[in-house]
Structures are given as C-alpha cells and as structure tokens.
Amino acid sequence: MPELPEVEVIRRGLEPHLAGRRIVEVRFGGHRLRKPVRIKALRQWLCNARIETVERRAKYLLITMDNRACLVIHLGMTGRLGLFPFADHLLRHDHLGWKLDNGLEMRFNETRRFGAVEIFPPDDPALPLFLASLGPEPFAPEFSAAHLARLASGSRRPVKNLLLDGRVVAGIGNIYASEILFDAAIRPERPAGEITAPEWRRVVEATRLILQRAIAAGGTTIRDFVDSSGRPGYFKLQLAVYGRGGQPCPRCDRAIEKIVQAGRATYFCPGCQG
DNA sequence: CTAACTCCCTGATAGC
DNA sequence: TGCTATCAGGGAGTTA
C-alpha cells in the first residue's frame, strides 16, 4: 500500500504528536510480522525513553530516541499507524502499541503482516549499514539523470522495473512507477539501457512532480490507506493511468493498457508513451 | 552478476 | 447464497 508519499503523510501527521513525548509502555499482540518482533529489545530501548525525531527514509519511518536507539517501522501493504486514547479497545490486526506519557498510544495495525518493526540499539552499526543499502531519496540531488543512466547502462531490464528497485531510487512503488512513466511519456517496457539522457531528465522531473503532488493530496487510497488520523488520501483522483485499464487516456483519449511486468500490474497509454 | 519468480498473509471482489 | 479463484500498493530469499 504505502509508497513514499503515503509514508511521508503518516510521518507529518505523527511528528507533532510524538516529538518530545516519552514512551512508557510497549504492547505486543504476539503475531510475527515480516520478521519476528523482538519485543524484549523493543521494551528495553524504548520504555522510559523520549522521542527526539520522526523521520522517513524510503518507505521506512525512523523514530529516534534520546538514548540514540532507533525504532524503524515499515507499513508493508496494509499497515496503518495512528494515535488512540490508551483506553480505546484494540482492533483486529493491531499488533503493537506504544503508550505515551500523555495517555495516547501509537498503534500499528497491519492486516497482511508484510510490514516490519525493528529496533536498533544506540550506535548499532547495522543502522547506517541498512540506510546505506537504500537508493537515493527522489528529492535528493544524488537522484539525477546521470545516476539513473549509470545504473541502467547495459541493462535490458524494463525501465518500470528499474524504478521499482529500491537500490536505484527509494520510495517508488507500483502505483507511482506507472504514473511517473506516463508523465515522462516513456513506455514502461523500454529496456532501461536504451533510455536517452533527455528521457532520464524527464523521469527525474516527473518523479519529483508526481510524488510532490501525491503528498500534497494526502497520498493515494485505493483500498486501505489512511493517514495517522484515519483519513484517506485523495491522489487517486489525479491518477492518470494506474487502475484505469480500458479507460480513455486523459491526454489523448486512447484506451489505457494494462500489462504485467515482473508479476505486477503496469498501466500506460500506448498513444502518449510512444 | 542480473532479473524474474515465489512466498509471506488476509481480505475484497469476481465468477460460477 | 455460497463456494472458489484471483488479485492487491512490498520486499526478501531463491532460482535460472
């Protein structure tokens, strides 16, 4: 579900409520997520520590404590994070809760359990190692046409699959990959190695434009996504091609096509994306 | 090495 | 209505 814009919307919603607060208790429902939850370590490093920053890297939320421990949360496909009065009853698929010193509790709800919750102890060298393994942020200067051209050089891989590779660029998922290539007017099956420099420049511009607009609209809700206050995002109204197979292209009226690439749906306009 | 395939899990929806 | 098959926005591990 959540790609970069959705995680950023969640981050912005949580930050003012979390920064400066102390975690007083960590509740755990017992189900494993993508990996087993290390509840003992979570309690050890989070209980009685104060939250200093709430950041995002790729599709991960990074919550850093005053003891320099770092809580890392990934929302998977159906993950939700929100704040609730501690006394409110728990919902189905609420897996973890972090009770704060103001009576509210941040809760992680994840239907499909593809998400992850990890704790990095203070100064754990595994954290910078993990962060370094991720591709550049789309809004960082390192994400450039030259960067893309270098990683794509000699590759026969379809350009859409390249954009989905988190080592190439962070945070682009299946919805925005289709939207970005539509905006850049590039056919998704094109071999990445054959994309020209001007086309890569369009990809960089389109990536930033689409993600920026999506954040401003509160993210894209197809089915599950809600922000930290439980509200859906409205970027679905601005999607040009994703989920619109057979419907007319908003730019040229030709029927939008749906294909499958590496096991995932891709949408594009055969007219605009020559 | 690259890149596609498979699987983790639940729930919504389509089709019979 | 009720069953089964298919699909879903992520990512890691496996396979070719």
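The sequence lines fix the lettering, A, B, ..., with proteins before strands; numbering per chain opens at 1.
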Once you round it to whole Å, what is the distance between [atom2] of [N] and [atom1] of [X]?
X	N	atom1	atom2	answer
A:N161	B:dT2	CG	C1'	12 Å
A:L164	C:dG11	CG	P	9 Å
A:L134	C:dG10	CG	C1'	13 Å
A:I73	C:dG11	CD1	P	15 Å
A:L151	B:dA3	CG	P	11 Å
A:R223	B:dA12	CZ	C1'	5 Å
A:L162	B:dA4	CG	P	11 Å
A:E6	C:dA8	CD	C1'	14 Å

ask   = In the 5'-to-3' direction, what one-character label does each nucleotide of nucleotides 5-10 of chain B receive under the scheme B = base within less than 4.0 Å of a protein heavy atom, S = sugar-phosphate only, - = no such atom?
value = ---BBB
Approximate separation, where rounding is to 0.5 Å, of [X] [atom1] and [Y] [atom2]:
X	Y	atom1	atom2	value
A:S229	A:L83	OG	CG	8.0 Å
A:E257	A:R187	CD	CZ	6.5 Å
A:E8	A:E6	CD	CD	11.0 Å

key: Identified pairing partner of C:dG9, criterion: Watson-Crick or G-U wobble below 3.5 Å   =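 None - no nucleotide pairs with C:dG9, as no candidate has both distances under 3.5 Å.
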ask   = Whom does B:dC9 pair with, Watson-Crick or G-U wobble, provided both distances fall under 3.5 Å?
value =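 Base-paired to nothing in any strand shown.
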If the [atom1] atom of [N] is compared with that of [M], how far apart are they to the nearest Å?
N	M	atom1	result
C:dT14	B:dC9	P	16 Å
C:dT6	B:dT6	P	14 Å
C:dG11	B:dC1	P	23 Å

Base, sugar-phosphate, or nothing for [X], non-hydrogen atoms under 4.0 angstrom?
X	answer
A:Y176	nothing
A:P158	sugar-phosphate
A:A116	nothing

Out of [options], which has the shortest distance to the side chain of [X]?
X	options	result
A:K59	B:dA4, C:dG11, C:dG9	C:dG11
A:Y60	B:dA3, B:dA4, C:dG11	C:dG11
A:H74	B:dA4, C:dG9, C:dG10	C:dG10

ask   = Side-chain donor-acceptor pair under 3.5 Å between A:Q247 and A:Y267, yes or no?
value =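 The answer is no; no qualifying pair exists.
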ask   = Taking OP1 and OP2 of C:dA12, is either one under 4.0 Å from a side-chain nitrogen or oxygen of A:K35?
value =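 Checking A:K35 against C:dA12: no side-chain N or O falls below 4.0 Å of OP1 or OP2.
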query = Closer than 4.0 Å, any side-chain N/O of A:K258 to the OP1 or OP2 of C:dA8?
reply =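 Yes, because at least one side-chain N or O of A:K258 sits under 4.0 Å from OP1 or OP2 of C:dA8.
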ask   = Should A:R38 and A:E118 be marked as a side-chain contact (heavy atoms from CB on, under 4.5 Å) after you check the CA-CA gap, both sets of side-chain angles, and the distance that decides it?
value = CA-CA 7 Å; A:R38 302 192 306 145; A:E118 191 53 82; 3.0 Å; yes
inquiry  = As a quick check of understanding, evaluate salt bridge (Lys or Arg N to Asp or Glu O under 4.0 Å) for A:R157 and A:D165, giving each step before the final call.
reply    = CA-CA 11 Å; A:R157 183 182 200 188; A:D165 187 336; 3.0 Å; yes
message = Distance to the ring centre below 6.0 angstrom and angle to the axis at most 45 degrees; does that hold for A:R57 and A:F130?
response =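 No, A:R57 does not lie over the aromatic ring of A:F130.
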task = State which residue, out of A:D224, A:T78, A:D94, fulfils the side chain to side chain donor-acceptor pair (under 3.5 Å) condition with A:N109.
result =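 So the option named by the test is A:D94.
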